[in-house]
Number of protein chains: 2
Amino acid sequence: MALDERKAQILKAVVEDYVKTGLPVGSRAVARKYRLGVSPATIRNEMADLEEMGYLDKPHTSSGRIPSDRGYRFYVDELMTDVRLSREESAMIESLFRSKIRDVVSLLKATVKALSEATDYLAFVLGPEYVTTTFEAVYLLPASVGRALLVIVSDVGVVENCIIDVPPMSREEMEYVSNMLRRHLCHVSLDQVHTKAQELLSRETSRYSEVIAQVAEYLMSITEESETEQLFMGGTANLLNQPEFRDVNRVQDLLEAIENGSLIRNIMITQTHTTDPAITIGEENEVEKVKEFSIVYGTFRLGQSAGRIGLLGPKRMNYPRAVAIIRYCEQMLNKYLVR
Amino acid sequence: MALDERKAQILKAVVEDYVKTGLPVGSRAVARKYRLGVSPATIRNEMADLEEMGYLDKPHTSSGRIPSDRGYRFYVDELMTDVRLSREESAMIESLFRSKIRDVVSLLKATVKALSEATDYLAFVLGPEYVTTTFEAVYLLPASVGRALLVIVSDVGVVENCIIDVPPMSREEMEYVSNMLRRHLCHVSLDQVHTKAQELLSRETSRYSEVIAQVAEYLMSITEESETEQLFMGGTANLLNQPEFRDVNRVQDLLEAIENGSLIRNIMITQTHTTDPAITIGEENEVEKVKEFSIVYGTFRLGQSAGRIGLLGPKRMNYPRAVAIIRYCEQMLNKYLVR
DNA sequence: CTTTAGCACTCTTAGCTTGTGAGTGCTAAT
DNA sequence: ATTAGCACTCACAAGCTAAGAGTGCTAAAG
C-alpha cells in the first residue's frame with residue numbers, strides 16, 4: 001500500500017493544488033508548479049497509476065484529477081506537514097480568548113468565534129457532558145410571590161437556573177429550604193440525586209415537599225437538557241464561500257440539519273476518534289449528510305468531563321491549517337479553563 | 001392618495017399572488033384567480049394607473065407587475081386582513097413554550113425556535129436591555145484555590161456568572177465578603193453601582209478590596225456585555241428557501257452580517273417603531289443591507305425593560321401570517337415571563 | 001365614457017449548436 | 001524508463017432561435 005517517493009510527491013501536489021484552486025488538476029499544472037524534474041507525460045502515467053490504486057478520481061473522462069477520499073486519507077496520514085499559525089494570527093486568537101475569561105459559556109462562544117473567523121469553515125463547540133458531574137451549590141432565591149429562582153452551580157463552574165413555583169413563604173423559610181437543599185443535594189453524584197431526594201422527601205413531610213420534588217426533578221433533567229443546550233456554532237456563512245456550494249440546495253439541506261443541532265451531536269457521538277485532532281473524511285463519516293464533507297475536531301477537558309471543538313468543511317479542506325488551529329484552540333481552552 | 005375600490009382590490013390581488021408565487025403577476029392571472037367581474041384589458045388599464053401612482057413596478061418593459069415598497073406599505077396599512085393561526089399551530093407553539101419554562105434564556109431560545117419553524121423567515125429575539133435594571137442577588141462562591149465563582153441575579157431573573165481571581169480565603173471569609181457585597185450592591189440602580197463600590201472600597205481597606213473592585217467592574221461591564229450576548233437567532237436556512245436567493249452571493253453577504261449579530265441590533269436601535277407588531281419594508285429600513293428585506297417585529301416586557309422578537313424575510317413576505325405569529329409569541333412570552 | 005376584443009410588439013427563458021481549450025491516453029522515438 | 005507528438009474527449013461559454021407570457025394601443029361595443 002506504500003507509495004514510492006515520486007507517486008507520493010505527485011499525490012501531495014494534486015491534493016494541495018486542488019485544495020487551493022478547487023479545480024481538477026492536470027499533469028501540466030503539476031509539472032509546472034511543483035517542479036519534480038519530470039515531464040507532464042511521465043506525471044500522466046503516474047497519475048493513471050494513482051487513479052487505478054484508488055487515490056485519485058476523475059470527474060469525467062478527460063480533464064484533470066481530484067483526490068479521492070482515500071487520497072485525502074493518505075495525504076492526511078503520511079504526506080501533510082505541520083504548519084504553525086503566524087504570530088499575528090495566534091496573537092489575534094489569544095486576545096479574543098483573553099477578553100472573554102468570564103464564564104465557561106462565554107469562553108466557548110469565543111472559541112467558536114475564533115475558529116470561524118480564522119477559517120472558511122463551519123465551527124462548532126460541544127460543551128462537556130454532565131454525566132460525571134456533581135453539584136457545587138444549590139440556591140433557592142425569592143423571585144416574586146409564589147415563585148422562586150433556583151440557581152445551580154455545577155462542579156465545573158457551569159451555572160444553570162430556572163424558575164419554579166413555590167407556596168408563599170417568608171424570606172427565612174426560603175433560606176431554610178435553600179440550606180436544606182444544599183446540605184442534602186450538593187456534592188452528590190448525579191445518579192444518587194434521585195435517591196437522596198427521595199430520602200429527603202420521606203423525612204420532610206412538610207409543605208416544602210412539593211418544592212423539593214421540583215428541585216430534584218430539575219436536577220435530574222439537567223443531565224439531558226444541557227446536552228441540547230450546550231452546542232455553539234458559527235461560520236455558517238463561511239460554507240457559502242466554498243465553490244462546491246454554487247448551488248443553493250445542497251447547502252440548505254445541510255444548514256437546516258446543522259442549525260437544529262442534532263447533526264453535530266450525532267456526529268460526535270457516533271464517531272470513534274483516535275488521534276488528537278481527529279479527522280474524518282467524506283464517506284468515513286457515519287452521518288449521511290456529512291458524507292460529502294470533512295471534519296477536524298479536538299477535545300478539551302473541563303473537570304472530569306470532556307468537550308469537543310471542531311471544524312466542518314468541504315473534503316477539499318486545508319487540513320494542515322485546520323489541525324493547527326484546532327490544536328491551538330485546544331491549548332487555549334485547556335489553559336483558560338483550569339480549575 | 002386613497003385608491004378607489006377596484007384599484008385596491010387589484011393591488012391586493014397582485015400582492016397576494018406575488019407573495020404566493022414569487023412570479024410577476026399579469027392582468028390575465030388577476031382576472032382569472034380573483035374574479036373581479038372585469039376583463040384582463042380593464043385590469044391592464046388599472047394596473048397601468050397603479051404603476052404610475054407608484055404602487056406597482058415592472059421588472060422589465062413587458063411581463064407582469066410586482067408590488068413596489070409603497071404598494072406593500074399600502075397593502076399592510078389598509079388592505080390586509082388579520083389571520084388567525086390554526087388550532088394545531090398555536091397548540092404546537094404553545095407546547096414548545098410550555099416545555100421550556102425553566103429560565104429566561106431557554107424561553108427566549110424556544111421563542112426563536114418556534115418562530116423559525118413556523119415560518120420561512122429568519123427569526124430573532126433580542127433580550128431586554130439592562131439599562132434600567134438593578135441586581136437582585138450577588139453571590140461569591142468558592143471555586144478552587146485562588147478562584148471564586150461570582151453569580152449575579154438581575155431583578156428580571158437573568159442569571160450571569162463569571163470566575164474571578166481572589167486571594168486564598170476560608171469558606172467563612174468568603175461568606176463574609178459575599179454578604180458584604182450583597183448588602184451594598186444589591187437593589188442599587190446600575191448607574192449607582194460604581195459610586196457604591198467606591199464607597200465600599202474606601203471603607204474596606206482590607207485584603208478584600210481587590211475582590212470588591214473586580215466585582216464592581218464586572219457588574220458595570222454586564223451592561224454592555226450582555227447586550228452583545230443576548231441575541232438569539234434561528235432559521236437562517238429558511239432564507240435559502242426564498243427564490244430570491246437562487247444566487248448564493250446575495251445571501252452570503254447578509255448571512256455574514258446577521259451571524260455576527262450587530263446587524264439585528266443596529267436595526268432594532270435605529271428603527272423607530274409605531275404600531276405593535278411593527279413592519280418595515282425594504283427601503284424603509286435604515287440599515288443598508290436590509291433594504292431588500294422586510295422585518296416584522298414586536299415587543300415583550302421583562303421587568304422594567306423590553307425585548308424584541310422579530311422575523312426578517314423578503315419583501316415578498318406573508319405579512320398577515322407574520323403579524324399573527326409575532327403577536328402570538330408576544331402573548332406567550334408575556335404570559336410565561338410574568339414576575 | 002367605460003369596457004373589451006384584437007393585434008403587433010417586447011422581453012425573458014430554455015434549449016440547441018458550435019467553437020475553444022484543457023487534458024487525457026496511446027504510440028513511437030530517445 | 002522517459003518523453004514528444006498526436007488524435008481524441010469533454011466541459012463550458014457564447015451565440016442563436018423559438019416559445020410564451022404579458023403589455024400598450026386602437027377601435028369597436030355597451
Side-chain angles (χ1 to χ4, degrees), chain A residues 3-11 13-18 20-68 71 243-244 246-248 316, chain B residues 3-11 13-18 20-68 71 243-244 246-247:
Chain A
L3 261 40
D4 69 54
E5 180 60 19
R6 194 168 64 188
K7 282 197 175 55
Q9 286 308 310
I10 290 175
L11 178 56
V14 171
V15 171
E16 291 181 354
D17 202 70
Y18 184 60
K20 204 185 289 173
T21 67
L23 268 31
V25 10
S27 55
R28 174 88 148 286
V30 174
R32 203 167 2 90
K33 296 191 209 164
Y34 311 79
R35 18 194 80 269
L36 303 175
V38 290
S39 79
T42 309
I43 293 176
R44 270 207 291 285
N45 288 329
E46 296 284 44
M47 282 178 19
D49 290 353
L50 283 168
E51 184 180 350
E52 198 162 349
M53 292 188 240
Y55 294 104
L56 293 180
D57 273 341
K58 266 193 296 202
H60 46 270
T61 27
S62 110
S63 197
R65 302 298 202 299
I66 62 175
S68 66
E244 25 275 285
R246 286 214 323 270
D247 105 81
V248 182
R316 190 182 70 72
Chain B
L3 262 38
D4 69 54
E5 181 59 18
R6 194 169 63 187
K7 282 197 176 54
Q9 285 309 310
I10 291 175
L11 178 55
V14 171
V15 170
E16 293 182 352
D17 203 69
Y18 185 60
K20 203 184 290 173
T21 66
L23 269 30
V25 11
S27 55
R28 175 88 148 286
V30 174
R32 203 165 4 91
K33 297 191 212 167
Y34 311 79
R35 18 195 80 269
L36 304 174
V38 289
S39 77
T42 309
I43 292 176
R44 270 207 288 288
N45 289 328
E46 295 285 43
M47 280 178 21
D49 290 352
L50 283 167
E51 183 180 352
E52 198 163 350
M53 292 188 237
Y55 293 104
L56 293 179
D57 273 341
K58 266 194 294 202
H60 46 271
T61 28
S62 110
S63 195
R65 303 297 205 298
I66 63 176
S68 66
E244 25 274 287
R246 285 217 321 273
D247 88 336

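Worth saying up front: this structure is predicted, and the values here are computed from it rather than measured.
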(request) Decide side-chain contact (heavy atoms from CB on, under 4.5 Å) for A:V38 and A:E46; before the verdict, give the C-alpha distance in whole Å, the side-chain angles of both, and the deciding distance to 0.1 Å. (result) CA-CA 11 Å; A:V38 290; A:E46 296 284 44; over 6 Å; no
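- In this structure, A:I10 atom CD1 and D:dT2 atom P are separated by 10 Å, rounded to whole Å.
- The backbone N or O of A:G54 lies less than 3.5 Å from a partner atom in the side chain of A:S68, making a donor-acceptor pair.
- Nucleotide D:dT9 holds its C1' atom 9 Å from the NE2 atom of A:H60, rounded to whole Å.
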(request) Output, in order, the C-alpha distance, side-chain angles, deciding distance and verdict of side-chain contact (heavy atoms from CB on, under 4.5 Å) for A:K20 and A:E16. (result) CA-CA 6 Å; A:K20 204 185 289 173; A:E16 291 181 354; over 6 Å; no
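- Summary of the strand contacts: B:R6 and B:P59 both lie near DNA chain C, and taking for each the nucleotide with the nearest heavy atom, the more 5' one is attributed to B:R6.
- The interatomic distance linking A:D17 (CG) with C:dA22 (P) rounds to 15 Å, in whole Å.
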Tabulate protein N/O versus nucleotide N/O from nucleotides 20-29 of chain D, keeping only pairs under 3.5 Å, one per line.
unit_1	atom_1	unit_2	atom_2	d
D:dG22	O3'	B:G64	N	3.4
D:dT23	OP1	B:S27	N	3.3
D:dT23	OP2	B:S27	N	3.4
D:dT23	OP2	B:S27	OG	2.8
D:dG24	OP1	B:K58	NZ	3.2
D:dG24	OP1	B:R65	NH2	3.0
D:dG24	N7	B:R44	NE	3.2
D:dG24	O6	B:R44	NH2	3.3

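- Looking at heavy atoms from C-beta onward, B:V14 lies out of side-chain contact with B:Y55 at the 4.5 angstrom threshold.
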(request) Would you check, one step at a time, whether the test side-chain contact (heavy atoms from CB on, under 4.5 Å) holds for A:D17 with A:V30? (result) CA-CA 8 Å; A:D17 202 70; A:V30 174; over 6 Å; no
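- Taking atom NZ of residue B:K7 and atom P of nucleotide C:dT3, one finds them 9 Å apart after rounding to whole Å.
- Within the 4.5 Å cutoff, the side chain of A:L50 has no heavy atoms near those of the A:R65 side chain.
- When the C1' atom of C:dT3 is taken as reference, atom CD1 of B:I43 falls 12 Å away, rounded to whole Å.
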